J.: 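Mind having a look at this structure? Questions to follow.
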Amino acid sequence: SAPQAFPASVHALIVGSSAAMVQRHEVLAMLVWSAAAAPWIFCLGSVDEYMDEIFHAPQTRKYCEGRFSEWDPKITTFPGLYVFGAALPNLLGALSPGSGAATLLCSLSFLRAVNVIFGIGSLLVMHLLLKRRMSNGKAAAQALVLSMYPIHFFYTFLYYTDVGSLFWVLLTHHLATPLPSRGLPSRARIFCASLAGLVAVAFRQTNAVWVMFTFGTAALADVSASDKWAPRLSGSEGGDVGLSIGIIATFIWALICELPRLLSRLGTLLLPPALFVAFVVVNGAVVVGDHSNHQAVIHWAQLAYLVAVTTSMWGVFGPQAGISIGNVKAFGAACFGGLKALAITVLALCGLVYALHRYSFAHPFLLADNRHYTFYVWSRFLGRLPGLKEALAPVYLYSAWLCYRRLAGSQSPLWFLIWAIACVLTLVPAHLLEPRYWTTAVILAHVNGPEQTWLGLASVGIACLLVNLATLWIFCFKPFAWPGGEMARFMW
């Protein structure tokens, strides 16, 4: 099949498939999102720099003032956010010296507005990814609900790296991965994806893994669409259609055989990960600064939290809900449908219980900071009640099974494997129980997941709205005082 032309890809990225500048479904989604966001933009106008903003905002102001050699050693990420935050002020300052525009645009409100723009951009790119596999209206609705994912939505209004990081990862994924049953995008489009990947890594180092994820899924889509490899990878030649050793070995062999061609088309995507690896070798750590508080560990429990959160975004109403009678029955049949299935289930549960018992960690930051909801989840439940972590193993096993079933069904078992490997690489080394770390994995799973019913979207959307209403209202209007008199606010 012929590759996608670069002009067409740019047109699709900016305006979609219609001739109108923005399709009406996109306009409606943006209007609904803006209506949900507007009150909090104004409410947070009275909230001073908070939590990590005390590092991000002053560093950006240094860049606004042209002091690019100054760096706060407590900052752990690359300066992508600060470069973007300071770009417009520096430009206006150069065009109109002494006007004061640069100082105004480096205020906290304008810096937070940068993330709001990235939030709208993320919504649009999610829509572009979803409408590859479903109607335009359903894609817009599903993208809108995903944009309300509570952790993502909350940090849209603060000057953090998360929202911009997600936007650039999604843009890289959109530009580099082919449409269903199509060949690889053009070299020019892949080059643009590589540039977006570089920016993504500049926002957050671990995005190098998600750029590799995009490389892997693009390569998988390409070999799966070929006449040579499609029958072997789909299992139509008599093999197992699931995630078997044979299928994995076939995919690896296909990559080896097609490597010269794949590198000639997708090779530039490997530049951001290669630069990241070089940085780690030179720096001696993944983070830029504050090495002592960000030591890598083996935190397998992170994956259990991730699959539970990913499943929750499928809701609780309708036949496709995360928790439904049909799914529970199917899970029971998969676990107890024979001696082999029962043995695998018992082994999986035993391994999960051991991992939750041995590899569930509480970082000192988690234990010391009562401003985060995770502090209370751990101090009052997971870290306090003996056996509770392990007792949740069946819930996590069900969530992992459902994630596999949904993603393998909408994409392929190999696609799920690539996603799972990326999740391991980005989450397992993280000591801190931090919900923000899950966002990229959750969103990528859902923009590549199955189409949801209108009932399912409504239930998840309403639930997200209520959670967002509660958390942002508490953050804005229910501050409390620390013993030293410092103002504190509850947040994710």
Side-chain angles (χ1 to χ4, degrees), residues 1-4 129-130 132-134 172-187 189-190 193 209-270 273 307 330 333-335 337-338 340-341 343-345 347-348 400-425 441 444-451:
S1 56
Q4 298 164 233
L129 286 164
L130 286 164
R132 297 176 175 190
R133 297 175 291 104
M134 59 190 74
T172 303
H173 191 65
H174 170 64
L175 290 173
T177 52
L179 298 173
S181 302
R182 294 284 299 273
L184 289 173
S186 67
R187 286 183 173 84
R189 178 163 170 154
I190 294 294
V209 175
W210 293 113
V211 176
M212 281 298 300
F213 162 81
T214 292
F215 176 91
T217 52
L220 173 62
D222 179 74
V223 297
S224 298
S226 71
D227 294 335
K228 178 180 179 181
W229 299 106
R232 307 184 205 182
L233 293 173
S234 65
S236 60
E237 289 190 342
D240 185 3
V241 73
L243 191 59
S244 65
I245 297 297
I247 292 291
I248 296 172
T250 300
F251 177 52
I252 294 173
W253 181 242
L255 291 179
I256 294 172
C257 293
E258 303 292 336
L259 189 60
R261 183 179 60 82
L262 290 173
L263 287 178
S264 71
R265 296 295 298 277
L266 297 170
T268 55
L269 278 173
L270 299 178
V307 293
C335 292
K340 180 180 178 182
I344 292 173
T345 301
L347 287 174
W401 170 83
L402 187 65
C403 287
Y404 172 77
R405 190 183 190 201
R406 292 283 172 86
L407 296 177
S410 63
Q411 297 294 329
S412 72
L414 285 169
W415 191 99
F416 173 84
L417 177 63
I418 297 171
W419 177 79
I421 292 172
C423 294
V424 169
L425 294 176
L444 281 172
H446 280 274
V447 295
N448 288 283
E451 180 177 349

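These figures come from a predicted structure and were not determined experimentally. All residue numbers in this chain count up from 1 along the given sequence.
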J.: Where the side chain of Asn448 meets the backbone of Leu444, is there a donor-acceptor pair that is under 3.5 Å apart?
T.: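 Yes; at least one donor-acceptor contact below 3.5 Å.
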J.: Arg132 and Thr177: side-chain donor and acceptor closer than 3.5 Å?
T.: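 The criterion, which ignores hydrogens and geometry beyond distance, is satisfied for Thr177 and Arg132.
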J.: To the nearest 0.5 Å, what is the distance between CZ (Phe215) and CG (Leu262)?
T.: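 Output value for this atom pair is 6.0 Å.
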J.: Do the ring planes of Trp415 and Trp419 sit parallel (below 30°), tilted (30 to 60°) or perpendicular (above 60°)?
T.: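 Parallel.
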J.: To the nearest 0.5 Å, tell me how far Ile418 CD1 sits from Leu220 CG.
T.: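 Here the rounded value is 5.0 Å.
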J.: Do His173 and Trp210 make a side-chain contact, defined as non-hydrogen atoms from C-beta onward lying under 4.5 Å apart?
T.: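 No; the side chains remain at least 4.5 Å from each other.
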J.: Measure the CG-NE2 distance between Leu179 and His174 for me, rounded to the nearest 0.5 Å.
T.: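 Leu179 atom CG to His174 atom NE2 measures 8.0 Å (nearest 0.5 Å).
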J.: So, the side chain of Arg405 versus the backbone of Ala330: is there a donor-acceptor pair under 3.5 Å, distance only?
T.: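 Answer holds: no.
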J.: Quick one: OG on Ser410 to CD on Glu451, what's the gap to the nearest 0.5 Å?
T.: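 The distance works out to 11.5 Å.
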J.: So which atom in Thr217 and which in Thr214 form the shortest heavy-atom distance, rounded to 0.1 Å?
T.: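 Where Thr217 meets Thr214 most closely, the heavy atoms are OG1-O, 3.1 Å.
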J.: Check the pair Glu258, Trp229 against side-chain contact (heavy atoms from CB on, under 4.5 Å), reporting the backbone distance first and the verdict last.
T.: CA-CA 10 Å; Glu258 303 292 336; Trp229 299 106; 2.9 Å; yes
J.: Keeping the roles fixed (side chain from Arg133, backbone from Val447), state whether a donor-acceptor pair exists under 3.5 Å.
T.: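 Indeed, once roles are kept as given, a pair shorter than 3.5 Å links the two residues.
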J.: How far apart are the C-alpha atoms of Leu175 and Ile190, what are their side-chain angles, what is the distance that settles it, and do they pass the side-chain contact (heavy atoms from CB on, under 4.5 Å) test?
T.: CA-CA 7 Å; Leu175 290 173; Ile190 294 294; over 6 Å; no
J.: Determine the minimum heavy-atom distance between Ala218 and Pro178, stating which atoms define it.
T.: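 Between these two residues, the closest heavy atoms are CA-CD, 4.1 Å.
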J.: Assess whether ring-ring contact (aromatic ring centres under 6.0 Å, His included) is satisfied between Trp401 and Tyr404, documenting all intermediate values.
T.: CA-CA 5 Å; Trp401 170 83; Tyr404 172 77; 9.0 Å; no
J.: Assess whether side-chain contact (heavy atoms from CB on, under 4.5 Å) is satisfied between Leu255 and Leu259, documenting all intermediate values.
T.: CA-CA 5 Å; Leu255 291 179; Leu259 189 60; 5.8 Å; no
J.: List for me each residue that meets side chain to side chain donor-acceptor pair (under 3.5 Å) alongside Ser224, sequence neighbours excluded, and say none if there are none.
T.: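 In terms of side chain to side chain donor-acceptor pair (under 3.5 Å), with neighbours along the sequence ignored, Ser224 is linked to no residue.
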J.: Sub-3.5 Å donor-acceptor pair from the side chain of Arg189 to the main-chain atoms of Leu184, do we have one?
T.: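 Judged by distance alone, no pair lies under 3.5 Å.
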J.: Counting C-beta onward and ignoring hydrogens, is there a side-chain heavy-atom pair between Met212 and Leu270 closer than 4.5 Å?
T.: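 Result yes, sub-4.5 Å side-chain heavy-atom pair found.
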J.: When rounded to the nearest 0.5 angstrom, what is the spacing between CG in Leu266 and CZ in Arg187?
T.: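 Leu266 atom CG to Arg187 atom CZ measures 10.0 Å (nearest 0.5 Å).
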J.: Using every non-hydrogen atom in the two residues, find where Ala341 and Gly337 come nearest and quote the distance to one decimal.
T.: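 Heavy-atom minimum between the residues: CB-N, 4.0 Å.
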J.: How many angstroms lie between CG in Leu243 and CD1 in Ile248, if you round to the nearest 0.5 Å?
T.: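 Rounded to the nearest 0.5 Å, the CG-CD1 separation comes to 4.5 Å.
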J.: May I ask you to say whether Arg265 pairs ionically with Asp222, meaning some side-chain N is under 4.0 Å from a carboxylate O?
T.: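 Asp222 and Arg265: not salt-bridged.
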J.: Can you tell me if Ile245 has over 12 outside heavy atoms packed within less than 6.0 Å of its CD1?
T.: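 Open.
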J.: Could you tell me whether the side chain of Arg232 and the main chain of Thr250 form a donor-acceptor pair under 3.5 Å?
T.: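 No; zero donor-acceptor contacts below 3.5 Å.
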